[in-house]
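See below for the structure under consideration.
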Amino acid sequence: MDALNSTKPDDHQILVEEKLSARILTLNRPKQLNALLFQMGKGRAFCAGGDVAATIRDINEGTWRLGAKFYWKQFTLNYTLATYRKPQVSILNGIVMGGGAGASIHGRFRVATENSVFAMPETALGLFPDVGASYFLSRLPGFFGEYLGLTGTRLDGAEMLVCGLATHFVPSERLSLLEEALCKLDSSDPTIISAVINEYSKQPYMKEKSAYHRLNVIDRCFSRRTVEEIISALEREALNKKDDWISKTIQSLKRASPTSLKISLRSIRQGRLQGVGQCLVREYRIACHVMQGKLSRDLFEGFRAILLDKDKNPKWEPSKLELVSDDMVDSYFSMMDDEGWEDLKLPARFNLPAYAIAKL
């Protein structure tokens with residue numbers, strides 16, 4: 001990505017290295033857990049997502065259009081990765097959240113390890129799962145994507161593999177050997193690349209308390225038409241069976257922004273029937289409305305409560321699900337009536353391989 005906000009010239013926020021037949025891109029903002037900026041790793045995160053603090057600062061110091069410009073570039077990158085001819089291998093040895101998922105899950109190969117932690121935690125911040133998440137979450141088994149998108153639940157590497165967010169699981173101590181083997185590989189054939197990754201892969205242990213073992217309950221509850229009906233279904237399940245997992249799920253939903261929950265559910269539902277490009281265009285509209293702050297200020301309140309003051313006690317407005325009408329949700333999905341604003345225009349893609357065409 002181009003540098004927009006200037007940084008010191010020695011701040012190389014993306015390291016690019018050519019090694020034999022491979023090109024290695026390393027996100028390099030370790031202190032910020034590789035949060036994505038215009039300038040863009042190392043450290044304990046693959047990428048913790050978009051840099052919300054920087055986006056809010058840009059909006060407060062200038063205009064929400066600075067944030068919109070970042071989203072335009074980020075979503076264009078997501079689309080390019082989703083339709084890229086050369087196979088991309090993402091090594092997810094750490095935190096993979098929000099924008100970090102967008103920079104990897106759209107690629108052909110996603111290698112999880114025992115250190116991987118995936119989440120789309122946006123609803124707790126007054127945001128919604130974006131970066132094409134309405135495409136990839138809606139294609140997970142059953143209604144697992146709705147569950148992840150609404151609750152912000154964290155998954156480990158084994159869970160990422162079993163639900164399809166990761167394509168392989170490689171123990172971290174074998175990563176250097178895997179990278180070496182991939183660099184020596186003089187081929188862009190996905191079958192050959194997959195075979196090489198398979199040599200270093202293993203079947204990980206799935207913890208007993210994994211939410212994935214509760215897919216039947218998730219499907220019963222998260223298949224409901226509205227967020228209110230999802231919570232009611234979970235509360236009925238809680239009456240029938242004492243289960244800490246159900247009560248934690250209900251708590252997560254009740255802590256999140258009511259507006260964000262309703263936007264997120266509708267976005268993921270629409271994503272089930274749309275290609276990745278359509279999903280990104282829709283998500284760009286929603287993101288612009290959220291950043292503009294006319295319909296709701298929940299993004300700014302979420303940032304204050306979770307990231308700035310850290311009191312973890314956001315005052316959402318509207319404060320209850322029943323106060324967020326369908327018409328209010330509709331507004332987020334509409335084109336913006338703002339001079340000079342336009343829908344996201346994605347680049348034309350030609351001569352795509354079959355797996356990329358299937359995403360359009």
Side-chain angles (χ1 to χ4, degrees), residues 96-98 101 105 110 112 116-124 128-167 169 203-258 260-276 279 282-283 321-322 324 326 329 358-359:
V96 190
M97 294 186 185
I105 305 296
R110 291 91 61 188
S116 299
V117 183
F118 169 90
M120 297 301 286
E122 288 82 2
T123 59
F128 66 101
D130 56 0
V131 298
S134 61
Y135 178 83
F136 62 74
L137 288 179
S138 63
R139 280 153 180 81
L140 298 184
F143 291 85
F144 199 58
E146 277 90 337
Y147 163 68
L148 294 179
L150 295 181
T151 63
T153 298
R154 296 182 172 203
L155 300 183
D156 63 20
E159 292 168 309
M160 289 178 72
L161 180 72
V162 76
C163 78
L165 286 165
T167 58
F169 183 98
Q203 195 60 37
Y205 168 74
M206 271 272 287
K207 61 191 180 199
E208 273 179 47
K209 291 192 173 179
S210 169
Y212 199 76
H213 293 315
R214 295 174 165 84
L215 198 53
N216 57 342
V217 180
I218 288 170
D219 286 352
R220 271 202 302 276
C221 299
F222 283 84
S223 58
R224 304 294 171 139
R225 193 180 61 83
T226 66
V227 180
E228 291 94 328
E229 288 170 23
I230 288 171
I231 292 174
S232 295
L234 284 162
E235 287 173 339
R236 279 195 301 277
E237 294 280 345
L239 290 174
N240 298 334
K241 187 167 63 172
K242 178 141 181 63
D243 187 340
D244 285 348
W245 172 82
I246 294 175
S247 54
K248 279 179 187 165
T249 302
I250 294 168
Q251 283 168 11
S252 296
L253 293 169
K254 290 190 171 176
R255 276 198 305 265
S257 153
S260 291
L261 289 173
K262 291 207 169 183
I263 293 168
S264 301
L265 182 61
R266 186 181 300 183
S267 183
I268 295 167
R269 289 277 155 86
Q270 289 191 7
R272 286 176 173 267
L273 303 171
Q274 294 178 327
V276 68
C279 286
R282 170 174 32 74
E283 290 173 8
L321 285 165
E322 55 267 30
V324 183
D326 286 346
V329 178
K359 297 179 184 178

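Between Ile231 and Leu321, the closest side-chain pair of non-hydrogen atoms falls below 4.5 Å. Looking at heavy atoms from C-beta onward, Leu161 lies in side-chain contact with Gln203 at the 4.5 angstrom threshold. A heavy-atom distance below 4.5 Å is found between the side chains of Leu234 and Ile230.
For Lys248, the NZ atom counts as loosely surrounded, since its 6.0 Å shell holds 12 or fewer non-hydrogen atoms of other residues, nucleotides or ligands. The neighbour count for Asp326 CG, taken as heavy atoms of other residues, nucleotides or ligands under 6.0 Å away, does not exceed 12.
The aromatic rings of Phe222 and Tyr147 sit perpendicular, their planes meeting at an angle over 60°, well past the 30° parallel limit.
A salt bridge does not link Glu159 to Arg154: none of the charged side-chain nitrogens sits closer than 4.0 Å to a carboxylate oxygen. Ion pairing of Glu146 with Arg272 is present here, as a side-chain N (NZ or NE/NH1/NH2) and a carboxylate O approach within less than 4.0 Å.
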I'd like a table of donor-acceptor pairs (distance under 3.5 Å, sequence neighbours excluded) in which one partner is a side-chain atom from residues 128-135, with atom names and distances.
| residue | atom | partner | partner atom | Å |
| --- | --- | --- | --- | --- |
| Ser134 | OG | Arg282 | NH1 | 3.2 |
| Ser134 | OG | Arg282 | NH2 | 3.2 |
| Ser134 | OG | Glu283 | OE2 | 2.5 |

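Between the side chain of Arg110 and the backbone N or O of Gly164 there is at least one donor-acceptor pair closer than 3.5 Å.
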For this session: Verify side-chain contact (heavy atoms from CB on, under 4.5 Å) between Met120 and Leu148, making sure each step is shown before the conclusion.
Result: CA-CA 7 Å; Met120 297 301 286; Leu148 294 179; 5.9 Å; no

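In this structure, Arg214 and Asp243 approach most closely via the heavy-atom pair NE-OD2, 3.1 Å.
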